[in-house]
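Read the numbers this way: they start at 1 and go in the same order the structure lists the ligands and their atoms.
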Amino acid sequence: MRARDNLKCTRKQPIRGLRAQRARASATSSFITSMRMPTVKFQHGDTVMGRWPGSSLYYEVKVLNFDSKSQLYTVIYKDGTELELKEQDIMNAVSFQGRLRSRSRSRSPGRRRSRSRSPARTTRRSSSRTSTVTTESATTRREPRIKEVLEVRLTPMKTIPTDNNNKPEHREETSAAANKVSQTPVSKSEVEPEKVQNRYNLRRRKDDSDVKPAEPKEAEVEEAPPVAPAPAPTTLDFGGKIGAYFWLLFLPAWVLYVLLQVNQADPSLTNPPALPALDSFWDAQAFGIVVLWMWFQAVLYILPVGKLSEGMPLRSGERLKYRTNGFFAVTVSAAAVAAGVHQGVDFTYIHSHFLQLAAAALLISLLLSLYLFVRSCSLSPEQLALGGNSGNILYDFFKGRELNPRIKSFDLKFFCEMRPGLIGWCVINLGMALTEMKLQRLQAPSPAMLLVNAFQLLYVVDGLWNEEAILTTMDLMHDGFGFMLAFGDLVWVPFTYSLQAYYLVVHPNALSPVAVALIVTVKLLGFYIFRKSNFEKNAFRRNPADPRLSHLKSIPTATGKSLLVSGWWGVVRHPNYLGDLIMALAWSLPCGFSHLLPWYYMLLYYDIILSSGFSHLLPWYYMIYFIILLVHRDSRDMSECRRKYGSAWDQYCRTVPYRIIPRVY
Ligand SMILES: NC(=O)C1=CN([C@@H]2O[C@H](COP(=O)(O)OP(=O)(O)OC[C@H]3O[C@@H](n4cnc5c(N)ncnc54)[C@H](OP(=O)(O)O)[C@@H]3O)[C@@H](O)[C@H]2O)C=CC1
Ligand SMILES: CC(C)=CCC[C@@H](C)[C@H]1CC=C2C3=C(CC[C@@]21C)[C@@]1(C)CC[C@H](O)C(C)(C)[C@@H]1CC3
């Protein structure tokens, strides 16, 4: 009851500025003096800024009480979450604003000009911004490398999921969820913070029904708050610094090795390719073709055709605009390629110069990564991605420092992720189909080749049709743009995702109509799960009140964003990965499953390893890589969401215990 009163009070009486703060403080302090209690910095009822555990985010909170024994303050967030915080993680709203102002003054002259310095203006800004206010903590500012350690007492609590209209979920369902929790405990590593040493004591108000998860409103987002510089990451992905050196050397070498291997007449493991002379990788014409292709895609990207979509709010609250005309780009590209085929352009060149084309793309991705790294050195820490500024040059070069590198409105990360590589992959597949026809003397591509081409084309066209959805993915929202993505987008995707088609050129595989029907069914099932789940998350992130999602339940988080706990996101934590994996299976099946047999025997008889052809692995290459990629991506995302959402994320993990495959993983 008291908590509810406090919450109402928070809503009705936002911070009124220094005078109100002082009046309240003096009234409470005389009360405290008369009670002969030890003096405490913040008083019951004060509206202050409280740091969210494990992050550098501060939210407006109300002080409920102070425990002199533990020296902890109990505070309540606007979504009803109660936490116990140490004094050093709480800031007086006025000094908080002062600090933000002084930071923004010293760091951004442009912003200084656009802001009023009057206290009234300051107060209004702080009270109107009901969602999040972001800054770095005093500790991280002074000592950016200090590991963030917050001693906060949190007790996992039941969060009552609301439906999409923010009505509390039906009681029975809540208790069902609670039962489920006790039956399926979440693993320790999932619940326990990885980077933060926390003792839990997180309480939610008993009655959540009137708590509307605060999604950022347009006006709030437009009033850009000062930006938190990216603190140096405390844990490094991809095996840390040593891992980054390894990947930097291994990934390009691996692609070139695989391409040399598949180029051989006998591509088996027992027949490793001889290292060719360096100049055989270089072909000026192939380089010119790759440059021309990228240029062509860049022109299509900047044409003022199609929608201008808004990205998700950045740490500054700003939202970038993206030209999402991917479907237009793929249509024009298809028309250009069709015209080329009609005019007799020899697309079998792609097959015969695959290695040189890949080497050219590798060179371009390397030059691009160098450019990205150099330009990121002159940026302020606010523009860097979280996780990309470890201070180690090679790690940061690999991981990517700048979050949204742009040349005017040309977004390099968005362009590379969605255009040249992705559309190029389809053109390569077409080249393989035409080569198959030529080498196998066919009138039309084989059914297996047609399936692989059609499935992967559908995947790419779907991605471009729903291009806006990429704006809510990890790469666009969190990852910096560096070698990993530049290489991934421009080399890895087009030149390794097309290996199934490459394989079929010289390894024909006859398919019965039943097999075709089965494979198509698998593909459609995967596609359905992938599309529906991505749609749900994307639509929910764009507009949580979307009427099409009114049947879904969500739980609020202290950041103002909610998490879906029903629908596809209530089945597993990454339903979109599940759909993607099923589709990957359908891409490999047309190449034949008998190739899996040698692998089965390999486990039994070592000597068969030597006689098993590497060619057998090729069609399953994507599937194997993709499982590794998605499992790793899932764990990266888990840590990131744990950091962002704290106990609400734990609650989600308890309610939805499986990550990708229901009841398996
Ligand atoms: N073919 C390929 O090579 C690859 C394909 N992909 C595909 O790309 C797509 C995007 O993948 P990716 O970016 O990795 O991840 P997701 O699209 O799954 O995005 C993860 C983010 O979604 C939000 N989220 C997580 N759980 C919930 C929930 N319950 N309710 C609402 N929001 C939630 C979180 O962000 P927040 O809360 O901050 O909004 C989280 O960080 C997937 O379909 C994947 O299969 C990915 C990699 C490679
Ligand atoms: C080994 C290595 C260097 C890996 C880098 C990872 C990248 C290859 C992938 C990271 C996320 C990706 C996505 C797609 C392609 C692969 C990369 C770039 C994607 C564009 C494919 C089409 C989908 O419809 C998609 C838009 C959902 C997807 C987004 C993520």
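For atom 19 (C) of ligand 2, the nearest protein heavy atom lies 4.0 Å away or farther. In this structure, atom 3 (C) of ligand 2 is in close contact with the protein, since a protein heavy atom lies within 4.0 Å of it. Within a 4.0 Å radius of atom 8 (O) of ligand 1, the protein contributes no heavy atom.
In this structure, the protein non-hydrogen atom closest to atom 12 (C) of ligand 2 is Glu417 OE2, 3.6 Å. Counting protein heavy atoms only, atom 16 (C) of ligand 2 is closest to Val493 CG2, 3.7 Å. Ranking the protein heavy atoms by distance from atom 10 (C) of ligand 2 puts Asp475 OD2, 3.3 Å first. At the top of the distance list for atom 41 (O) of ligand 1, counting protein heavy atoms only, stands Asp637 OD1, 2.6 Å. When hydrogens are left out, the protein atom nearest atom 24 (O) of ligand 2 is Gly463 CA, 3.5 Å; that is the closest non-hydrogen contact.
When non-hydrogen atoms are compared, ligand 1 lies under 4.0 Å from the side chain of Asn534 (C-beta onward) but not from its backbone. Here Leu629 has side-chain heavy atoms under 4.0 Å from ligand 1, and that is the only part of it that gets that close. If you look at Lys561 next to ligand 1, the close heavy atoms, those under 4.0 Å, all belong to the side chain. Proximity of Trp568 to ligand 1, defined as any heavy-atom pair under 4.0 Å, is not found for any part of the residue.
With Tyr625 as the aromatic partner, Arg633 does not meet the cation-pi criteria of under 6.0 angstrom to the ring centre and within 45 degrees of the ring axis.
Proximity of Cys416 to Leu368: side-chain heavy atoms (C-beta onward) are separated by under 4.5 Å at one or more points. For the pair Leu485/Trp492, no side-chain contact is recorded, criterion being any heavy-atom separation below 4.5 Å from C-beta on.
Residue Tyr459 places a heavy atom less than 4.0 Å from ligand 2. Within the structure, the closest approach of Lys644 to ligand 1 falls below 4.0 Å when heavy atoms are considered. Using 4.0 Å as the threshold, Thr473 has no heavy atom nearer than that to any atom of ligand 2. Heavy atoms of Glu467 come nearer than 4.0 angstrom to ligand 2 in no pair at all. In this structure, Asp462 has no heavy atom closer than 4.0 Å to ligand 2.
Shown here for Arg401 and Ser376, the closest heavy-atom pair between the two residues is NE-OG, 2.7 Å.
For the residue pair Asp396/Asn392, the side-chain donor-acceptor check at 3.5 Å is not satisfied. Under 3.5 Å, the side chains of Gln297 and Tyr301 contain no donor-acceptor pair of N or O atoms.
For atom 28 (C) of ligand 2, the nearest non-hydrogen atom from the set Ile470, Val491, Thr496, Val461 belongs to Ile470. Evaluated by nearest non-hydrogen atom to atom 30 (N) of ligand 1, the leading choice among Ile470, Thr559, Asn576, Leu564 is Leu564.
A 6.0 Å sphere centred on CZ of Phe250 holds more than 12 heavy atoms belonging to other residues, nucleotides or ligands.
Ligand 1 has an N or O atom lying under 3.5 Å from an N or O atom of Tyr652, backbone or side chain. At a 3.5 angstrom cut-off on N or O pairs, Ser562 does not count as close to ligand 1. The shortest N or O to N or O distance between Tyr459 and ligand 1 is under 3.5 Å.
In terms of modelled atom types and a separation under 3.5 Å, the side chain of Ser566 and the main chain of Gly570 share no donor-acceptor contact.
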query = Where do Tyr459 and Asp580 land on the side-chain hydrogen bond (donor to acceptor under 3.5 Å, both in side chains) test, with the steps shown first?
reply = CA-CA 9 Å; Tyr459 187 66; Asp580 224 340; 3.0 Å; yes

